[in-house]
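Each remark here refers to the structure printed beneath this line.
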Amino acid sequence: MKFGHFDDSRKEYVINTPKTPYPWINYLGNQGFFSLISNTAGGYSFYKDARLRRITRYRYNNVPLDMGGRYFYINDNGTVWNPGWSPVKTELDEYECRHGMGYTIIEGKKNGLKAEVTFFVPQDYDGEVQQVVLTNESSEAKEFALFSMAEWCLWDAQDDCTNFQRNFSTGRVEIEGSTIYHVTEYRDRRNHYAFYTVNDQIDGYDTDRDAFLGSIYNGWDNPETVKAGKASNSFADGWSPIASHYKKITLAPGESKTLIYILGYAENPQDKKFASEKPADLLTREAWVLNKEKAYAMIDKYNTPEKVAAGLEELRTTWENLLSIYKVDTPDDKVNRMVNIWNQYQCMVTFNLSRSASYFESGIGRGMGFRDSNQDILGFVHQIPDRARARLIDIASTQLSDGGCYHQYQPLTKKGNADIGGDFSDDPLWMIMSVAAYIKETGDWGILDANVPFDDDPEGKHTMLEHLNVSFYHIVNNLGPHGLPLAMRADWNDCINLSCFSDTPGESFQTYTNPKFKAEGGYSKIAESVFVAALFTYTGPAYVGILEHLGKTEEAAKAQAEIDKMKKNTMESAFDGEWFLRAYDANGEKMGSHECEEGKIFIEPQGFAVMSEIGKDVGADIKTLDSIDKYLNCEYGLVLNNPAFTKYYIQYGEISTYPGGYKENAGIFTHNNAWIICAEAYVGRGEKAFEYYSKIAPAFTEETSDIHKTEPYVYGQMIGGKDAKNFGQGKNSWLTGTAAWNMVAISQYILGIKPEFDGLRVDPSIPSAWDGFKVVRKFRGDTYEIEIKNPDHICKGVKKLTVDGNEIEGCIVPVAGDGNTHKVEVLLG
Ligand code: BGC
Ligand code: NOJ
């Protein structure tokens, strides 16, 4: 069952009922100011850091769900309703929500009155613009009241929802004309403020939540002021400050009125925090007055429908340009819509926000993840390489000089997060992968010389190349008894915690280490990760390639020898006969072997082992892929492990705490499904690659949205696996490495357009039924118009490749570098 449809021409998903199986959200903003907005206008805003600089309040896991947002209320002759249905939930005569690229349009209609609200964050602007267009479509004149409403968060979202003894007394506002300012804690240590304004005179306001609601026992669905059709002009003093504008409106039949609201954020320099004069009409309880110059300028920027239209047009052009870098025309509409629109859009969101703020991530739990952000770059780097470069330098600067990494950092401070610490065995390798991806995309070898400090040597002169070197050798220098990388606290799978042995509720599996291993330096020196071994052999060659390019032949050979040794060790000690083991635990026992009672086979190491060609000469690659098909494949994707764990294995950690079929315990983790898609494409089995791709790609799940539950336009982290009661049900949508990896899987492996150090590889691995497809790829300043023909209906194999009519050897299109458009013709066969 569907709850809407794709409108590809407008790059929108159109939702036709507010009662979606879960709030279906969108993200506004892509630099400093961000908003989450659901299809009923729930959500919240923040500046850069969802934890430390939260602007509006939201209540996660509330009853009912999705309470808190920016709400418009209409009281039309006693009928109170919201254009987005919630929170009053009066049945609407018509409803539609269009989630587009950086904007959302919600339209509601009741008793002949139509309200269309467009929400967006303009480019280079720290505020959310909300344009409300009211149209009287009835044959009678209408007189009604319109109320806006946003609830302020007192900046630190963690403190805001826990430290009530303090923060019920700190809330502060100022009101000037139609603008309500949120100046909580501004007098003392903060230099930032927020405001909510409307471009018209108002007939009243409320800034105190309880006054707006009329009773502390009322909810957002039942505000007294709205029901009474009149604001109470309350002035907040502590408790919970809000911003609500009240406006009386009369519309003749057919008449429309447009109002523009702005929810903005601004910072003042320390010496310009306060205004020297107090305007006569200013309402404040303070002796000091906020310097509002920045807010005035921001308000001026979008205070007419013409300016709003220009802002929307600028946003549209920005996305048009971003999405013109990789564009496909395949025989499958769903592939086209994922690749050309939604997957790339999601990659921008994950690049911006890592795993911090979604409807499943509270924004206070995590900052930016080291491994997460590095992987996010893989799907984003072609869009805005300069931003990827800056991010790479930020991430690398949190690394330690021995190659170890802080697992997370806060975007506002850019400092490693000491609470979580390091010792996640895979982290350093993602840094090599993302820097290599950046160079392959841009040809900017200069990044290797960029000055990038280490966290433990902030003043030292170090280069990015040194970071890659210590990353590589951090693996090599930390091997276990089988010559495989030590597993440490966890590898990519945060829930395989082989040094934890936790028996006490509440201990974090990621940060708690058993005292026995703490004494040994933080983690077991026996437990080894086969996943990290395979990731090393897959990623290592990029490091070797970099060294070779720099003419460091000896170093390159030395690194290559380590890769070869790792491959040998993996084949000798970690091939189980039909697939690769997952790990050796701290007791030296095999994990992920046919000898195990449960968890006999795991997905994670397999794809990278296959693509590293470990044991290819003895058929290990195909055997492994066949085993995945046999044991992990099910209707909705590939489960992470099989059989699911049915009891707690203290030696494995968090993975065995999840009921079977959920999360890391045999859930369908879409992130690592992509690695198998890549591997199937790599070995030339385009059919299988596409089968796995289409099982999890959101556009393909649209028809079963009632089962899938989360948004049909973006990936979620997990789909309930075959052992779960809720088989096929998606969770944790939006912020997941799945976005980047599936972009890589479809664009570089299936469609086969893959940047390399020395050019653009064109080597598709597609369903044989396809006659071919076309791609436009902008690459290093040139545009390549690529046409692939598949007359023999094969999956993989380039028979002939011409560039501007000239045949070339192999399948790597050399960089032309002349800024022109080049025609690439590829014949499969
Ligand atoms: C989740 C993982 C996540 C980790 C983060 C675990 O509870 O299952 O998916 O990466 O928390 O710390
Ligand atoms: C989610 C985390 O963000 C990611 O870093 C991790 O690799 C996966 N969960 C698997 O545990």
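When a ligand or atom number is given, it counts from 1 through the structure's own listing order. Scope of the values below: all heavy atoms of this structure, side chains included, with no hydrogens, waters or symmetry mates.
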Under 4.0 Å from ligand 2, counting heavy atoms only, is it the side chain of Q717, its backbone, both or neither? side chain
Side chain or backbone of D372 under 4.0 Å from ligand 2, or both, or neither, by non-hydrogen atoms?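 Within the 4.0 Å criterion, D372 contacts ligand 2 through side-chain atoms alone.
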By number and element, which atoms of ligand 1 are closer than 4.0 Å to a non-hydrogen atom of [X]?
X    : result
E654 : 6 (C), 7 (O), 8 (O)
K663 : 1 (C), 2 (C), 8 (O), 9 (O)
D494 : 3 (C), 4 (C), 5 (C), 10 (O)
Q717 : 9 (O)

Can [X] and [Y] be counted as having a side-chain donor-acceptor contact under 3.5 angstrom?
X    : Y    : answer
Y473 : Y543 : no
S733 : T710 : no
D372 : S354 : no
W741 : Q375 : yes
N26  : Y345 : yes

Considering only the protein, which heavy-atom contact is closest to [atom], and what is its distance?
atom                    : result
atom 3 (O) of ligand 2  : R366 NH1, 3.1 Å
atom 11 (O) of ligand 1 : Q510 OE1, 4.0 Å
atom 6 (C) of ligand 2  : W492 O, 3.2 Å
atom 2 (C) of ligand 1  : E664 OE2, 3.1 Å
atom 11 (O) of ligand 2 : E664 OE2, 2.5 Å

Could you tell me whether [X] and [Y] have their ring centroids closer than 6.0 angstrom?
X    : Y    : value
Y359 : Y58  : yes
Y682 : Y538 : no
F669 : W492 : yes

Where's the contact between Y658 and ligand 1, heavy-atom distance under 4.0 Å: side chain, backbone, both or neither? side chain
Element-labelled atoms of ligand 2 that are located less than 4.0 Å from some non-hydrogen atom of R371: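 In order of numbering, the contacting atoms are 4 (C), 5 (O), 6 (C), 7 (O).
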Could you tell me if the side chain of N633 sits less than 4.5 Å from the side chain of E691, heavy atoms only?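 Contact flag for E691/N633 side chains = yes.
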